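Since the model is a prediction, treat every value here as computed from it, not as a measurement. Order of appearance sets the numbers: ligands from 1, and atoms from 1 within every ligand.
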Amino acid sequence: MLELYQFELSQYSEKVRFLLDYKGLEYRKIEVTPGVGQVEVFQMSGQRQVPVLKDGETVVADSTEIAMYLDRTYPDRPLVPSSAKERGLSLMMEEWADESIGIKSRKAFIGALNRNEALRAAVLPPDTPDFVKSIVSGIPSDLLETIGSGVGVGGEALKAAEGSLKQDLDALCLILGEQPYLTGNTPTLADFSVAGLSLLLKFPEKSFLDLPEQLAGKALPGIGDNPAYEAFFNWRDRLYNDYRQATVSTSSTSASAPSSIEIE
Ligand SMILES: N[C@@H](CCC(=O)N[C@@H](CS)C(=O)NCC(=O)O)C(=O)O
C-alpha cells in the first residue's frame, strides 16, 4: 500500500491527501514527529520536508512531484487535463497556489497563533505533556511577535500576507462565480491544490482530518469567516464532500457556520 509521510496539520500534506482520495488510491498515513521524525524523512528522501510518498521502492518528495508521479503511475482519473488550455491553466494555478496560498496562509496562521494562547497549545501533538502545553500557551504574545519579526513573520509581514491572501480569495471568487471549478467544468489539479493549501484558512470538519477538537471547523478571523469569500469556501466544502475521503466518523452532522479562532 502507498505510504504518505505527513503532518496531519500540513497544508501541503492535505493537498496530497486530496489527490490520493480523488484518484481513489488507498494509502497509509505516517505521522512524522517534527524535528526528530524528519531525520527518517531525510534518510529516505534526501530532504526533510513532508509530504513524502512511498510507493514500494519509489520515494517521491514534494507535493508537485507527487502529483506528477501519481498521474504517470496511476493515469485513471487524471489530475492534469489533456486539452491544451485547461492543462496550461491547471499547471499554472497549481504552481501559483504552492507559492501563494500555501505560504501566505502559513504566515497568517502563525499570526493567529501569536495572538492566541489557547490555539498555540491546541496545535501541539495530542501526547504533549500538559506542563509543556501550559509553557507554550504562556509565552507572551509580544515576545512571539519579536521572535517572528526576525524570521519574516512579524506584524508587518503578517499584515502583508493577510492583505495579499484577500486579493487571492477575491480573484478565486470571481472565477468561481463563472464556472464550477477553477479551470472549467471538471475538477483538476488546480482545484485540489488550492483546496488543500487553504487548510489553515478554515479547518474542515473533523470527519476529514484527525484534528484537535478545538480546531475542527475553525476559521481565521477576517478570512475564513468573511462572507465576501463564501463562494470560495462553498466550493471547497463541495470538493471535500464530493472527493475527499471521510476518515473519522462523527455523530454530529450539523453544518453550522464557522466559528473564528478567537483572538483576544
Ligand atoms: N514545496 C513543498 C513544501 C512542503 C512544506 O513546506 N512542508 C512543511 C510542512 S507544511 C514542512 O515539512 N516543514 C518542516 C520543515 O521545513 O522542516 C511541497 O510542495 O511539498
Side-chain angles (χ1 to χ4, degrees), residues 2-23 25 27 29-55 58-73 79-80 90-113 119-120 122-125 128 136 147-148 150-153 157-158 161 164-165 168 182 188-204 208-212 215 220 224 244:
L2 296 171
E3 291 181 325
L4 180 66
Y5 288 75
Q6 60 145 45
F7 298 154
E8 190 73 0
L9 290 184
S10 141
Q11 68 276 43
Y12 293 90
S13 300
E14 181 64 355
K15 170 181 159 188
V16 172
R17 293 186 292 252
F18 243 122
L19 304 180
L20 290 163
D21 281 352
Y22 176 66
K23 283 202 173 270
L25 296 168
Y27 62 99
K29 295 193 284 189
I30 298 175
E31 189 66 8
V32 173
T33 309
V36 62
Q38 289 174 261
V39 174
E40 189 191 342
V41 170
F42 184 81
Q43 285 163 346
M44 187 173 61
S45 68
Q47 57 84 58
R48 41 178 279 130
Q49 291 195 317
V50 294
V52 170
L53 185 74
K54 193 159 183 282
D55 186 6
T58 307
V59 174
V60 189
D62 188 274
S63 61
T64 305
E65 294 301 320
I66 294 172
M68 300 308 148
Y69 171 80
L70 290 177
D71 251 4
R72 271 196 315 274
T73 315
L79 299 165
V80 183
S90 68
L91 290 171
M92 190 188 287
M93 226 178 257
E94 188 262 357
E95 168 67 14
W96 162 80
D98 273 6
E99 300 305 320
S100 177
I101 303 236
I103 290 172
K104 287 183 265 179
S105 67
R106 179 155 53 199
K107 285 191 182 168
F109 187 69
I110 290 172
L113 284 180
L119 181 64
R120 287 205 288 278
V123 298
L124 291 174
T128 306
V136 171
I147 296 168
V151 292
V153 288
L158 292 173
S164 173
L165 265 176
D168 291 343
L182 291 175
T188 70
L189 176 62
D191 296 274
F192 301 119
S193 301
V194 173
L197 290 166
S198 64
L199 173 73
L200 302 176
L201 301 183
K202 180 177 150 192
F203 289 99
F208 295 106
L209 276 184
D210 192 9
L211 286 171
L215 291 183
L220 273 193
R244 185 82 166 84

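Considering backbone and side-chain atoms alike, Arg48 places an N or O below 3.5 Å from some N or O of ligand 1. Note: no N/O pair closer than 3.5 Å links Gln11 and ligand 1 by distance alone. Polar contact check, Pro51 against ligand 1: no nitrogen or oxygen pair lies under 3.5 Å apart.
At a heavy-atom distance under 4.0 Å, only side-chain atoms of Gln38, from C-beta outward, approach ligand 1.
When hydrogens are left out, the protein atom nearest atom 20 (O) of ligand 1 is Ser63 N, 2.8 Å; that is the closest non-hydrogen contact. Protein heavy atom in closest approach to atom 10 (S) of ligand 1: Ser10 OG, 3.2 Å. Scanning all protein heavy atoms for the shortest distance to atom 7 (N) of ligand 1 gives Val50 O, 2.8 Å. Protein heavy atom in closest approach to atom 1 (N) of ligand 1: Asp62 OD2, 3.0 Å.
Heavy atoms only, all atoms of each residue included: Phe18 and Ala195 are closest at CE1-CB, 3.8 Å.
Contact annotation: Arg106 has at least one heavy atom less than 4.0 Å from an atom of ligand 1.
Between the side chains of Asp55 and Thr73, no donor N or O sits under 3.5 Å from an acceptor N or O.
In this comparison of Glu14, Gln49, Glu99, the heavy atom closest to atom 11 (C) of ligand 1 sits on Gln49.
For the salt bridge (Lys or Arg N to Asp or Glu O under 4.0 Å) with Lys29, the qualifying choice from Glu8, Glu14, Glu3 is Glu8, the only one to do so.
The CD atom of Gln6 sits 9.0 Å away from the CD1 atom of Ile30 when rounded to the nearest 0.5 Å. Here the CG atom belonging to Asp62 is positioned 12.0 Å from the CG atom belonging to Leu53, to the nearest 0.5 angstrom.
Residue Met44 places its CE atom among more than 12 non-hydrogen atoms of other residues, nucleotides or ligands, all under 6.0 Å distant.
Looking only at side-chain heavy atoms (C-beta outward), Glu40 and Tyr5 come within less than 4.5 Å of each other.
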